[in-house]
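Have a look at the structure below before the remarks.
Below, chain A is the first sequence line, B the second, and so on; all start at residue 1.
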2 protein chains.
Amino acid sequence: MMKYKELGLKLTPQRLSILSYLEGNREHPSAEEIHRKVSRKFPTMSLATVYNTLETLKRQGRLTEITIDPDKRHFDPNLEKHHHLICSKCKRIADIQVEFDLALTEEAIQGFEITGSHVEFYGTCPDCRNKETGEVK
Amino acid sequence: MMKYKELGLKLTPQRLSILSYLEGNREHPSAEEIHRKVSRKFPTMSLATVYNTLETLKRQGRLTEITIDPDKRHFDPNLEKHHHLICSKCKRIADIQVEFDLALTEEAIQGFEITGSHVEFYGTCPDCRNKETGEVK
DNA sequence: ATTAATGCAAACACTTTGCAATGGA
DNA sequence: TCCATTGCAAAGTGTTTGCATTAAT
């Protein structure tokens with residue numbers, strides 16, 4: 001379990017349940033997914049609280065926001081440097097733990113100060129590939 | 001000018017003006033930005049028409065949607081393979097015309113069928129860097 | 001006792017939809 | 001003429017905000 005208290009933040013049951021849901025989660029859930037899941041054990045949980053907590057965690061650097069899906073925000077508690085594989089059909093996002101050499105020339109950088117990078121691969125996931133071949137069109 | 005007629009689509013003045021605005025544009029505008037600009041010369045232009053046209057162009061593969069900004073959709077008429085540099089302060093998106101070796105092992109691919117990839121770099125653009133150093137905090 | 005966090009509802013921003021009117025082909 | 005496209009307004013989605021209440025410290 002992440003140490004939340006050490007950050008000088010109040011340790012509410014709501015936050016605890018969001019944290020434990022996120023712990024080790026590799027599914028890049030949206031705020032709404034987190035809310036739905038956590039609501040089961042905590043029916044009064046408000047969506048606003050989910051957003052608040054996510055925002056706080058993001059600011060603390062304990063969470064990354066993934067901007068891959070134009071429809072909704074997704075969150076990633078995996079702090080190790082990694083990249084993503086996105087299924088164009090079902091929108092599933094998988095981690096890809098590979099290091100790439102993304103060296104840039106001075107010219108390419110155009111005067112930017114680079115602070116990070118991220119690679120996304122698009123494709124079709126195994127499940128969706130199976131559905132396609134199995135289907136009679 | 002892109003050949004729109006050849007696609008079997010009606011060549012309306014609205015579409016023509018959107019197309020000419022997009023032609024050679026390297027600013028990755030949002031629908032709203034496109035609408036604002038095009039409205040100057042075409043005051044009755046509807047936002048719905050902008051979205052319609054963008055959707056059509058996207059389906060035709062004459063345009064790519066960039067999912068970098070969680071707040072709004074951005075569109076990129078640059079069809080050459082390229083990547084992006086995003087300013088974390090002002091959200092400006094610049095093209096970066098570099099080829100990377102993004103080879104993946106079978107294992108890393110996790111059964112996906114890869115169809116494309118995209119690299120995004122985060123950082124601070126020259127303008128925002130200047131503002132920072134010039135400012136008295 | 002303090003003060004931050006919660007929950008609700010209302011407000012927001014962006015995008016999509018329904019549909020009658022319009023105008024390219 | 002015909003049917004796709006337009007423009008408007010209304011509806012829809014995801015997210016944020018205001019604020020009184022609650023509860024962690």
> Salt bridge between B/R36 and B/E32, side-chain N to carboxylate O under 4.0 Å?
Replying inline: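 Looking at B/E32 together with B/R36, the answer is yes, because their closest N to O distance falls below 4.0 Å.
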
>> Any carboxylate oxygen within less than 4.0 angstrom of a Lys/Arg side-chain nitrogen, looking at B/D71 and A/R73?
In response: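 Salt bridge present between B/D71 and A/R73.
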
> To the side chain of B/T12, which of C/dT15, C/dG7, D/dT6 is closest?
Replying inline: D/dT6

>> Taking the minimum atom-to-atom distance to the side chain of B/K10, which one of C/dC14, D/dT16, D/dT5 wins?
In response: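 Taking heavy atoms from C-beta onward, the closest nucleotide is D/dT5.
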
> Which parts of residues 31-49 of chain B get close to DNA chain D, meaning a heavy atom less than 4.0 angstrom away?
Replying inline: B/T44, B/M45, B/S46, B/A48, B/T49

Could you check how far [atom1] of [X] sits from [atom2] of [N], rounded to whole Å?
X     : N      : atom1 : atom2 : result
A/L16 : D/dA23 : CG    : C1'   : 14 Å
B/N52 : C/dC19 : CG    : C1'   : 13 Å
A/R15 : D/dA24 : CZ    : P     : 12 Å
A/L11 : D/dT25 : CG    : C1'   : 11 Å
B/K72 : C/dC12 : NZ    : P     : 17 Å
A/K58 : D/dT15 : NZ    : P     : 11 Å
B/L9  : C/dG24 : CG    : C1'   : 12 Å

>> If we count only N and O atoms by modelled type, under 3.5 Å, do the side chains of B/D69 and B/H28 hold a donor and an acceptor together?
In response: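 No, no side-chain donor-acceptor contact under 3.5 Å.
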
>> Quick check for you: to the nearest 0.5 Å, what is the distance between B/I34 atom CD1 and B/L22 atom CG?
In response: 5.0 Å

> Between A/L57 and A/L19, does a side-chain contact (heavy atoms from CB on, under 4.5 Å) hold up when you go through it step by step?
Replying inline: CA-CA 9 Å; A/L57 290 171; A/L19 283 168; 3.9 Å; yes

> Between A/P13 and B/R73, which has a closest nucleotide on DNA chain C that is more 5'?
Replying inline: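 This one resolves to A/P13.
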
>> Base, sugar-phosphate or nothing for B/D71? Non-hydrogen atoms, less than 4.0 Å.
In response: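 Touches sugar-phosphate only.
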
> Is the phosphate of D/dT15, meaning OP1 or OP2, less than 4.0 Å from a side-chain N or O of A/Y51?
Replying inline: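 It does, given that an N or O in the side chain of A/Y51 lies less than 4.0 Å from OP1 or OP2 of D/dT15.
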
> Below 4.0 angstrom from OP1 or OP2 of C/dG23, is there any side-chain N or O of B/Q14?
Replying inline: no

>> So does A/K10 get a backbone contact from the side chain of A/R15, meaning a donor-acceptor N/O pair under 3.5 Å?
In response: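 Side chain of A/R15 to backbone of A/K10, a donor-acceptor pair under 3.5 Å: yes, one is there.
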
> Residues in side chain to side chain contact (heavy atoms under 4.5 Å, CB included) with B/S88, at least two apart?
Replying inline: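 Partners of B/S88 under the side chain to side chain contact (heavy atoms under 4.5 Å, CB included) test: B/Y122.
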
